[in-house]
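The structure appears right after this line, and notes come after that.
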Amino acid sequence: MGHIDMDMDAMGSALGIKAICDSFNKPALIVYDPKLAEKKVRTAVASQFDSEELEKIVISPRDCKDKLKPQTLVIVVDVSRPSITMYPKLLEAADKVVVIDHHRRAEEFIDNPVLSYIEPSASSASELVAELIKYSSSSPQFNLPSKFATFMLSGIFLDTGFYKSRSVGLRTFDASGILKEYGADNALADDLLKDEYEEYALVNKILGTMKTPFYGVVYCNSGDSDIIERSTLAKVANQ
């Protein structure tokens, strides 16, 4: 399970964890609600997986609690704050939880995880999962489908701004190389992040309102009628 407003890094790292579980013949499903995912993730999932494949990969939040058993392990990726996970009630009911995240630990944190792998020096959750796949002592057993590897690479592209972020290190390029070994398609990973015309136009519309009241300070306003995703705001802020 990832976070609400699920982005490509949350989906990519979740797919990587599923591949690890599949390699050990442990049934695993990703908690996924299209309404709680970013538009790019919805589009990417719909374009890359047919309905038959998707049934074997994801489960809706309303169904996952029924699947929970005392021995079930819930693995949370790309987030460690329970209130912003895709389905917080699942954590309340679960006995065993693992946290894999690259954000700094906040005051609010998942209670008593059996394993907490928090690595703020990593660029993305997909980077951490790629390392788990490559450097685990069970590495030869792992089978990471090329589609999953492409989603993970797209997650790294997203969180690093195509390797321009300060969080990028040697590990990031190493993780990208690992994913290429498993057949990640970097052209497709880039395509999955491309803006649609409407989003591109909206970003430029907001930037067109830019004012500078003081030296070194700029601000923009969006229209009152515009519905704007967080990821779109982040693009404006990066500009």
Side-chain angles (χ1 to χ4, degrees), residues 2-15 34-48 77-81 83-86 101-104 106 119-130 150-176 179-180 184-239:
H3 51 76
I4 53 171
D5 294 329
M6 189 180 218
D7 59 14
M8 290 300 283
D9 187 37
M11 177 52 91
S13 52
L15 285 167
K35 293 175 187 168
L36 297 177
E38 287 185 358
K39 191 175 181 183
K40 281 192 176 60
V41 172
R42 292 198 300 271
T43 306
V45 168
S47 66
Q48 298 304 309
V77 291
D78 200 32
V79 61
S80 59
R81 290 169 54 198
S83 64
I84 59 170
T85 54
M86 182 81 67
D101 190 19
H102 69 109
H103 302 101
R104 291 188 185 281
E119 187 65 82
S121 64
S123 71
S124 55
S126 294
E127 178 183 310
L128 294 174
V129 174
T150 300
F151 269 76
M152 292 174 73
L153 186 60
S154 191
I156 291 176
F157 284 172
L158 174 73
D159 274 22
T160 63
F162 293 90
Y163 305 110
K164 294 194 283 277
S165 161
R166 288 181 185 176
S167 62
V168 172
L170 287 173
R171 289 173 62 181
T172 312
F173 293 105
D174 191 25
S176 303
L179 296 173
K180 286 294 288 178
D185 182 336
N186 50 295
L188 177 57
D190 178 34
D191 281 345
L192 295 178
L193 292 174
K194 286 220 168 108
D195 294 342
E196 291 181 344
Y197 166 75
E198 289 80 5
E199 186 177 16
Y200 178 78
L202 183 57
V203 168
N204 283 307
K205 178 183 169 186
I206 298 169
L207 286 169
T209 70
M210 193 185 296
K211 291 185 174 61
T212 173
F214 308 106
Y215 178 76
V217 176
V218 295
Y219 72 89
C220 303
N221 287 322
S222 64
D224 291 339
S225 60
D226 292 327
I227 297 171
I228 300 162
E229 289 192 340
R230 252 184 236 181
S231 59
T232 306
L233 288 178
K235 282 170 190 165
V236 175
N238 283 340
Q239 290 280 1

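Values below: all heavy atoms of this structure, side chains included; hydrogens, waters and symmetry mates excluded.
Summarising the geometry of Asn186 relative to Phe157, their closest heavy-atom pair is O-CE1, 3.7 Å, with the distance given to 0.1 Å. Of all non-hydrogen atoms in Gly12 and Met152, the two that sit nearest each other are O-CG, 3.0 Å. Across all their heavy atoms, Pro213 and Lys211 have their closest contact at CD-O, 3.6 Å. Residues Pro120 and Arg104 share a closest heavy-atom pair of CB-CG, 4.0 Å. Across all non-hydrogen atoms, the minimal contact from Thr85 to Ile4 is O-CG2, 3.5 Å. Across every non-hydrogen atom of Asp185 and Thr150, the tightest pair is N-OG1, 3.0 Å.
Below 30°, between 30° and 60°, or above 60°: for Phe173 and Tyr163 the angle between ring planes is below 30°, a parallel geometry.
The residues Glu199 and Lys40 are annotated as salt-bridged, a charged nitrogen and a carboxylate oxygen being separated by less than 4.0 angstrom. Arg171 has no carboxylate O lying under 4.0 Å from a charged side-chain N of Asp174, or vice versa, which leaves the two without a salt bridge.
Summarising the geometry, atom CD1 belonging to Ile206 is positioned 11.0 Å from atom CD belonging to Gln239; distances are rounded to the nearest 0.5 Å. Separating the OG atom in Ser154 from the CG atom in Leu188 is a distance of 8.0 Å, to the nearest 0.5 Å. In this structure, CG on Asp5 lies 14.5 Å from NZ on Lys39, to the nearest 0.5 angstrom. Ile227 contributes atom CD1, which lies 11.5 Å from atom OG1 of Thr232 (distance to the nearest 0.5 angstrom). Here the NZ-OG1 distance, from Lys194 to Thr43, works out to 14.5 Å after rounding to the nearest 0.5 Å. Interatomic distance, Ile228 CD1 to Lys235 NZ, rounded to the nearest 0.5 Å: 12.5 Å.
Looking only at atom types and distance, the side chain of Ser126 has no donor-acceptor partner in the side chain of Ser124 under 3.5 Å away.
Looking at Asp101, its side chain does come within 3.5 Å of a backbone N or O of His103 through a donor-acceptor pair. Counting only distance, with no hydrogens or angles, the side chain of Ser165 and the backbone of Thr160 share no donor-acceptor pair below 3.5 Å.
More than 12 heavy atoms of other shown residues, nucleotides or ligands fall within 6.0 angstrom of atom CZ in Phe162.
Inter-residue side-chain proximity for Glu127 and Asp159 is flagged as unmet; no heavy-atom pair is nearer than 4.5 Å. In this structure the side chain of Asp7 reaches within 4.5 angstrom of the side chain of Asp78, judged on heavy atoms. Side-chain contact between Leu128 and His102: present, with at least one pair of heavy atoms (C-beta onward) separated by less than 4.5 Å. Looking at heavy atoms from C-beta onward, Phe151 lies in side-chain contact with Val45 at the 4.5 angstrom threshold. The closest side-chain heavy-atom distance from Leu207 to Met210 is below 4.5 Å.
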